[in-house]
Amino acid sequence: MAIDTATDVPATAVASRAGLWARTPRGLITVTAAVVLLFAFSAILAPSSVTKGPLLGMLPFAAVLAIVSLGQTLVVQQGGIDLSVPGAVSLTVVIATHQAAGDDARLLPAVLMALAVLLVAGAVNGFVIGRLGLNPIIATLGMNALLYAVVLWLSGGIPRQTTDLLANIAAGLTFGIPNAVFFAIVATVVVTLAVKRTVSGRRFEAIGANPVAAWAAGLRVRRHRTGAYMWAMVLYWLGGCLLAGILNKPTAYQGDSYLLPSVAAVVLGGTSLLGGRGFPVATALAALFLSQLDSFVLALGVSFAARTLVEAFALAIGVALYTVDWKGLRTRFLGSGKASAAPPGAPAAGP
Amino acid sequence: MTENTTTMVATEATMSLVGISKYYSGVAALMDVSFDVRPGEVHALLGENGAGKSTLMNVASGTTQPDTGTITISGQTLEELTPSLASSLGIAIVHQHPAVLPDLTVAENIRLAVPSRFLDGTGSRREAMQAMLDDVGSSAHLEDRVGSLSIAQKHLLELAKALVMKPKVLILDEPTAPLGQDSVQLLFDRVRTAAAAGTAIVYITHRLAEVRELADRVTVLRDGKYRGTMEVAAITDDELLTLIVGRQLESTFPPKHHSTEGTGTYLSIARLTGPGFADISVQAQTGEIVGVAGVVGNGQSDLMAALAGLAKFEGSITVHSQERSAKDLRERAAYMPADRHREGLMMTLSVRENAAVVALQRFVRSFFMSSKEEVSTVGRELTELSVKAPNMDANVASLSGGNQQKVVMARALLSEPALVVADEPTQGVDVGARAEIYRILREVAEDGTPVVVNSSDAKELEGLCDRVIVMSRGRVVAELVGEEVTEARIVAAAVSATAHGSADAQQVKTTTRRSTRLSRFLQGDYSPVAILAIVMLALGAYVFSQNDRYLTAFNTTAIQGLVAALGFIAMGQTIALMTGGIDLSVGPLSGFLVVIASFFIGVDSAFGQIALGFILMLLAAVITGGLNGFLIRYGRFTPVAATLAVYIGLQGLSYVLRDGPEGIINADVMALIKTKVGPIPVAFIALVIFAFLLEGALRYTRWGLTLRAVGSDEEAARRVGVHVNRTVLLAYLSVSLCVFLGAILLMAQIGIGDPSQGANFTLTSITAVVLGGTSLLGGRGTFIGTLLGAGLIIQVLNATTFLGLDQWSTYFFQGILIVIAAIVYSQVRGRRAVV
């Protein structure tokens with residue numbers, strides 16, 4: 001299987017780098033193109049969806065989704081998947097509204113308390129997955145139920161008015177742009193720098209790509225893995241806080257609508273569900289794409305149902321862009337015309 | 001031998017390959033290669049790594065389809081060769097990496113790979129299988145899980161599977177690489193016996209000595225091109241070598257260290273004891289390379305892991321008069337593992353990232369890393385080691401074995417290690433790269449960093465090392481220094497030490513897993529069933545003691561009804577998990593099917609319309625299952641991504657059909673579905689029977705074997721002739737059919753077409769399967785466990801109402817149950833995190 005593709009390569013080539021284009025992640029290129037195309041379509045087919053009102057309505061939710069998806073990216077990079085997103089976001093929302101109880105002065109202690117609870121949850125996730133070897137799906141599924149138990153215990157399932165201060169911070173505008181967008185941009189920049197330009201971040205990616213090899217090379221696998229689940233929680237917390245401020249009266253189940261889209265954004269961004277390299281910028285753009293898609297379809301006057309269908313298609317096509325061997329298909333189909341004379345035993349369908 | 005061959009020239013070839021070419025994304029792996037093998041001859045296939053030997057044999061055994069060329073077997077020219085056709089034509093292959101399924105037992109592995117006609121003889125099948133194992137000298141038990149066997153035992157199993165089929169063509173791909181000296185002799189005997197019986201044998205190897213000892217003819221490949229075929233007796237080693245490497249190798253090994261008195265010791269290992277080895281002591285003078293030798297599996301690799309700080313040890317390791325703990329060594333020792341793909345490289349990352357990963361700290365400028373610094377330093381090191389790659393951003397997986405090993409070395413050297421630990425550094429590496437690896441190791445030692453090399457190749461140790469310890473049963477049986485380091489001395493020491501009872505050599509490794517009946521049960525698939533049953537009884541007793549209405553007929557009937565719907569869906573989920581996948585779409589599918597039903601199985605519907613409704617439900621299930629399977633196998637989606645997309649899509653479809661709860665289900669149909677026998681719903685009885693049928697099928701039918709085989713190890717399953725695509729597609733179809741059955745019951749429970757219903761079943765079904773003890777890794781599981789898991793979930797939800805607990809407690813108990821169950825099972829089975 002190891003075909004020596006490099007026999008004709010001069011020995012000095014290895015000291016050089018690939019071209020800038022070749023180094024730009026495919027996911028980033030694809031997602032950027034998709035976002036540009038989507039906004040172009042929106043402007044042509046449903047001009048109302050790119051006017052100020054709908055954009056200002058869409059962007060804060062896109063920002064929350066982007067931040068939550070960044071957290072999901074970190075977990076996916078470690079070959080995991082975090083099903084505790086709904087519980088974590090909902091709990092933050094509930095603590096931020098119920099504990100603060102409309103009192104600005106109690107807001108800070110409330111959100112800090114939410115952060116503390118989430119960090120504990122993240123640490124437990126990391127512990128049972130990293131140290132006890134539980135499957136991430138099971139562990140985070142259980143953690144989600146436990147977080148929801150706390151949500152319902154605290155709130156009894158009753159929505160509560162959000163605090164003015166939080167509403168001002170999260171839903172306010174600066175230079176005409178929703179504040180939440182700035183939070184999302186800062187979060188994306190911080191995550192990108194942390195993963196790509198720090199020692200821990202680079203090790204983090206290597207551990208995600210092959211934990212066994214990373215361990216044999218002396219890296220601290222468990223610490224980085226646990227870190228993924230804890231930092232993810234910090235991002236869910238940030239997303240939850242913003243959501244609690246954006247919505248006037250958030251319910252106890254507010255986080256439910258973030259699980260599937262967060263995974264979808266990660267996948268569209270090109271991060272492999274098998275772990276390894278992550279693409280934070282592409283993930284954030286994918287979140288913008290999904291949110292604008294919602295608002296575009298809404299402006300077309302189609303029901304919620306059609307929106308969901310379009311999302312499913314976008315996800316399927318997004319994945320197919322990365323997984324299907326398009327080059328192979330092209331040669332097979334385009335080549336089949338002239339190659340019908342080719343001997344039998346043509347390559348069988350992919351695995 | 002020679003006389004034999006001359007008479008055989010006239011005989012027709014058993015198998016002949018003519019003009020075979022194979023390209024992988026434009027790169028030639030084989031170019032116009034021809035090869036044939038005659039009855040009764042041993043035909044060696046020689047060449048460097050990447051020369052195309054294994055590809056050629058994969059073509060011959062049907063695992064790889066060539067782009068051009070013809071395959072003729074016993075005079076019959078074949079259009080297309082598949083693994084199953086190949087095996088029916090009598091071609092058997094023993095792969096370099098054994099094609100065995102780790103989660104299946106030895107007996108199941110044999111049943112899967114060997115057609116039953118070869119096992120039907122005078123005695124029972126069990127006796128036949130036992131005889132197979134005895135024939136190759138394997139000591140494995142038929143009921144052992146193959147995952148727990150040593151590498152050598154797996155190879156012997158592989159060989160046994162091939163030999164029992166009395167193949168016309170037997171292909172052996174580097175069979176001796178993992179075997180110890182005694183097993184090698186046994187293997188050679190078997191090969192000679194088979195050849196004498198008329199089998200045509202293809203013997204792929206790296207070792208000239210084996211060609212001389214065994215083969216009649218030899219064919220050499222280089223860079224995917226045919227270099228020639230000749231009688232072994234008529235060619236010298238040097239001539240062969242010239243054909244293989246295409247240039248005269250002057251000296252493969254660098255000159256040895258010239259010990260000068262008084263340079264001192266730079267490595268001192270004293271009374272080192274750890275898992276797999278005991279009481280190891282050795283001292284190396286500065287500049288010496290220390291070799292570790294012995295029959296494979298005598299603790300050498302364990303010792304290497306300990307030296308790299310990856311295992312606990314007692315005793316001391318002193319490097320440059322500084323004693324190092326295991327923790328120090330893990331950080332400061334550079335480890336070059338034998339299994340590069342698993343332990344050495346991050347295959348999805350680039351050459352640069354792989355090389356730099358341990359030395360990243362060196363490139364930090366102020367707070368962030370300097371990319372310029374990294375590129376220049378890593379580039380210098382890679383050039384130094386003459387790694388061949390298009391550029392440093394190339395994916396490391398695209399490199400040849402030798403270059404990959406050099407990337408591992410580059411990483412080791414960049415980390416400025418205190419000690420270099422190389423385990424089989426040249427395994428799977430071509431001759432040219434070998435010489436460079438030897439040179440680099442020698443330079444490292446000369447520069448004052450101790451180097452320890454473990455190798456199963458005594459010749460390699462003779463050429464490379466200044467001091468060799470020979471291990472047997474985890475202990476040092478000889479230490480050879482300077483002139484004493486010769487292949488003959490090493491082999492003699494290793495073999496003579498194990499002469500009395502070779503099984504003894506395995507003792508160190510195997511004693512720890514000698515299974516008792518209890519431990520076998522605890523680690524088996526059915527321990528969760530027992531645990532769940534106890535928990536359910538205890539919970540039932542407790543709730544009953546608190547509330548005596550708990551066991552009324554009304555409540556038990558209600559519980560069983562709920563279990564039935566969840567149970568069928570969870571059965572489906574079990575099938576998906578068994579393949580190593582997951583089906584997230586089961587929940588929305590069940591809801592969607594009920595929505596479909598609400599249009600056809602309405603209050604006033606005629607019989608024909610109702611029948612049509614069921615048919616459409618079935619059809620929708622089949623399409624969904626097919627789509628999942630298709631996306632996963634042909635679209636190469638991960639199961640999570642594929643079924644997630646289908647999940648969202650099905651939810652959308654439900655809402656397209658119904659805005660909200662609408663369309664009452666026909667009462668007669670509902671009543672029929674809810675029929676009871678006494679207090680027990682018929683549906684529940686059906687579920688129990690269904691679970692037992694599936695369980696039986698899983699253990700005893702080919703469907704079950706292939707299902708678990710694919711989940712256990714897809715590649716190995718493919719190689720033993722399992723149709724992986726078909727199996728997985730069928731599995732996801734089966735999942736959807738189970739969901740169809742569950743949806744019928746769900747329909748009777750909801751009684752209306754509600755698009756918001758059903759989605760919850762996805763996570764609940766996963767919970768049920770996990771409680772039942774099925775592994776999410778695939779290959780292992782039980783439907784009976786899933787049945788009990790579904791029962792426990794419903795019981796707990798039901799109990800919270802009887803105990804008067806709030807809504808939050810149902811979440812709490814669900815969460816705590818799944819986590820505790822998962823932790824308990826993983827601990828009981830001793831299956832911890834990989835790292």
Side-chain angles (χ1 to χ4, degrees), chain A residues 2-6 9 11-18 23 81 130 132-135 137-138 141-142 145-146 148-149 152-153 197-199 202 206 209-213 215-218 221 260 263 267 273 276 304-305 308-309 311-312 315-316 319-320 323-324 343-345 347-350, chain B residues 24 27 29 50 65 68 79-80 330-331 335 337 342-346 348-349 357-358 360-361 368-369 379 382-383 386-393 398 400-401 635-638 640-641 645 648-649 651-652 655-656 763 770 776 807-808 811-812 814-815 818-819 822-823 826 832-835:
Chain A
I3 314 150
D4 200 338
T5 51
V9 170
T12 48
V14 75
S16 69
R17 299 211 64 180
R23 270 188 281 146
I81 190 161
L132 300 182
L134 252 59
N135 185 299
I137 292 182
I138 302 176
L141 179 64
L146 291 177
Y148 259 119
L152 291 171
W153 181 62
R197 297 296 296 277
T198 68
V199 172
R202 286 283 298 278
N210 186 346
V212 178
W215 183 73
V221 176
L260 298 181
V263 178
V267 171
L273 288 172
F304 167 76
T308 322
L309 279 180
E311 259 181 37
L315 177 61
V319 179
T323 58
V324 177
Chain B
Y24 287 106
V27 181
Q65 301 302 324
T68 64
E79 288 280 300
E80 191 189 357
R330 206 166 86 81
E331 278 171 20
Y335 176 52
R342 214 177 77 80
E343 291 185 278
L345 292 165
M346 290 83 189
T348 54
L349 299 187
V357 71
V358 185
L360 295 168
Q361 206 71 53
F368 292 114
M369 289 180 49
L382 292 170
T383 314
S386 55
V387 177
K388 282 188 212 159
N391 55 59
M392 66 169 70
D393 292 305
S398 67
S400 69
R636 296 191 200 175
F637 284 43
T638 64
V640 170
I648 301 175
Q651 265 198 329
Y655 277 101
V656 166
L763 296 186
V770 169
L776 263 81
Q807 198 195 356
W808 67 266
Y811 279 98
F812 176 76
Q814 265 192 27
I818 188 169
V819 172
I823 293 175
S826 71
R832 285 155 192 276
V834 220
V835 285

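In what follows, chains carry the letters A, B, and so on, assigned in the order in which the sequence lines appear, proteins first and then strands, with residues in each chain numbered from 1.
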For this session: Just do the side chain to side chain contact (heavy atoms under 4.5 Å, CB included) check on A:Ile138 and B:Val819 with the steps written out, would you?
Result: CA-CA 7 Å; A:Ile138 302 176; B:Val819 172; 5.9 Å; no
Any idea which heavy atoms bring [X] and [Y] closest together, and the distance?
{"X": "B:Ala645", "Y": "A:Ala312", "value": "O-CB, 3.4 Å"}
{"X": "A:Ala209", "Y": "B:Thr348", "value": "CB-OG1, 3.6 Å"}
{"X": "A:Gly218", "Y": "B:Glu331", "value": "O-CG, 4.5 Å"}

At a heavy-atom separation under 4.5 Å, does [X] approach chain A through its side chain, its backbone, both, or neither?
{"X": "B:Val770", "answer": "side chain"}
{"X": "B:Leu763", "answer": "both"}
{"X": "B:Phe812", "answer": "both"}

For this session: Quick one: list whatever passes side-chain contact (heavy atoms from CB on, under 4.5 Å) with B:Val358, sequence neighbours left out.
Result: A:Ala217, B:Arg411, B:Ser415
Problem set entry | Counterpart residues, side-chain contact (heavy atoms from CB on, under 4.5 Å), relative to B:Arg330 (two or more places apart) | A:Trp215, A:Arg220, B:Leu310
For this session: Show your working on side chain to side chain contact (heavy atoms under 4.5 Å, CB included) between B:Phe368 and A:Thr198 and close with a plain yes or no.
Result: CA-CA 5 Å; B:Phe368 292 114; A:Thr198 68; 3.9 Å; yes
For this session: Indicate yes or no for a side-chain donor-acceptor contact from A:Asn210 to the backbone of B:Gly344 under 3.5 Å, with no hydrogens or angles considered.
Result: no
